[in-house]
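Worksheet: the structure to be examined is printed underneath.
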Amino acid sequence: LRVDRGARFMDSQRELLQLYLQDNADGNVTAFFAQRRLALSQASAELYYLEADINLGQKNIIAATMVYNAGLNNHPDDIALLYGRAMLAARTDKLQQLEIDLRRIIKLQPDHAVALNALGYTLAECTDRLQEARQLILKAYQINPSDPATIDSLGWLHYKQGDYQQALVYLQQAFDSNPDAEITAHLGVVRWALGDARGAYAAWNQILQQDPENAFIQQAITDARRQFPND
């Protein structure tokens, strides 16, 4: 209870929630966070964010959405809440909401590389606004040229524009820095597009050996086969 700010604040609130639920048979997440916001009004935004995150961990998308909305009604310019709601919108295919929230972040912090990259990648992946996506991703890249996620976005943008060789250069660089599932999925698709099916599966299998049902890899395989059916 005495940890009311600082680096361990979020961890302390998670632990308090577990104690609360153990000690209160009728207690729930919503009631706990309502109490904590009354007790710690100075940490209200952080507590809304944590409440939404816990609901997401419980796969309660509706509750998480309601919490983000309530949090932003009270803290309309909170960057963490805006970004959290934007990422939830991405998961639920609400791209208009995602764009609204990310553009709000960029208006508040024009050099917010993560928001710039997230919006640029989404536009490249989900729309035909590739020039606009390019401007956003390049700005993010200029701010943080070593970020694997941004390098991945730049590579994927080149793929969407049909420049597979340049896409391979960036995606290989991103993969070498951080071979996570999404980057590996993209790298495999570009290798496939260049006629290197063996190389594509060599990349994908690095993830599938640990996670045979990985959604990023399974979708990449489906997309590659659909886009290049004769390969």
- Evaluation steps, salt bridge (Lys or Arg N to Asp or Glu O under 4.0 Å), between D11 and R8: CA-CA 5 Å; D11 290 338; R8 305 298 297 181; 3.4 Å; yes

- Message: Return the CD to CZ distance between Q206 and F175, rounded to the nearest 0.5 Å.
- Response: 4.0 Å

- Closest heavy-atom contact between I217 and A181? CD1-O, 3.7 Å

- Query: Do the rings of Y164 and F228 sit parallel, tilted or perpendicular, given the 30° and 60° boundaries?
  - Reply: perpendicular

- Message: Applying the side-chain contact (heavy atoms from CB on, under 4.5 Å) criterion to Y141, which one of N117, T150, L136 satisfies it?
- Response: T150

- Message: Donor-acceptor check, side chain of N73 to backbone of N69, threshold 3.5 angstrom: yes or no?
- Response: yes

- Query: Can any side-chain N or O of S41 pair as donor or acceptor with the backbone N or O of R37 at less than 3.5 Å?
  - Reply: no

- From L40 atom CG to R5 atom CZ, the distance as rounded to the nearest 0.5 Å: 8.5 Å

- Message: Side chains of Q219 and D223 only: does a donor on one sit below 3.5 Å from an acceptor on the other?
- Response: yes

- Would you check if the side chain of K139 reaches a backbone N or O of P110 as a donor-acceptor pair within less than 3.5 Å? yes

- salt bridge (Lys or Arg N to Asp or Glu O under 4.0 Å) between K160 and E125, worked out: CA-CA 8 Å; K160 289 288 187 176; E125 175 70 0; 3.8 Å; yes

- Query: Say you draw a straight line from CD1 of I207 to CD of E213; how long is it, rounded to the nearest 0.5 Å?
  - Reply: 14.0 Å

- Show your working on salt bridge (Lys or Arg N to Asp or Glu O under 4.0 Å) between E99 and R129 and close with a plain yes or no. CA-CA 13 Å; E99 183 169 358; R129 296 156 60 187; 2.8 Å; yes

- Message: If you apply the rule salt bridge (Lys or Arg N to Asp or Glu O under 4.0 Å), what do you find for D53 with R14, and how did you get there?
- Response: CA-CA 11 Å; D53 187 62; R14 288 181 186 275; 2.5 Å; yes

- Where the side chain of N24 meets the backbone of D26, is there a donor-acceptor pair that is under 3.5 Å apart? no

- Query: Quick check: does any side chain N or O of N55 sit under 3.5 Å from a backbone N or O of E51, one acting as donor and the other as acceptor?
  - Reply: yes

- Message: Can you classify the ring geometry of Y121 versus H186 as parallel (below 30°), tilted (30 to 60°) or perpendicular (above 60°)?
- Response: tilted

- Item | Expected output: side-chain S177 to main-chain Q173 donor-acceptor under 3.5 Å | no

- Task: Answer yes or no: is there a donor N or O on one side and an acceptor on the other, between the side chain of D180 and the main chain of I183, under 3.5 Å?
- Result: yes

- Do you know the tightest heavy-atom contact between A124 and A133? N-CB, 3.7 Å

- Message: So does P148 get a backbone contact from the side chain of D152, meaning a donor-acceptor N/O pair under 3.5 Å?
- Response: no

- Mind listing the closest non-hydrogen atom pair of H75 and A45 along with its distance? NE2-N, 3.5 Å

- Name the orientation class of the two ring planes belonging to W156 and Y159 (parallel below 30°, tilted from 30 to 60°, perpendicular beyond 60°). parallel

- Query: Just by distance, do the side chain of N144 and the backbone of A140 share a donor-acceptor pair under 3.5 Å?
  - Reply: no

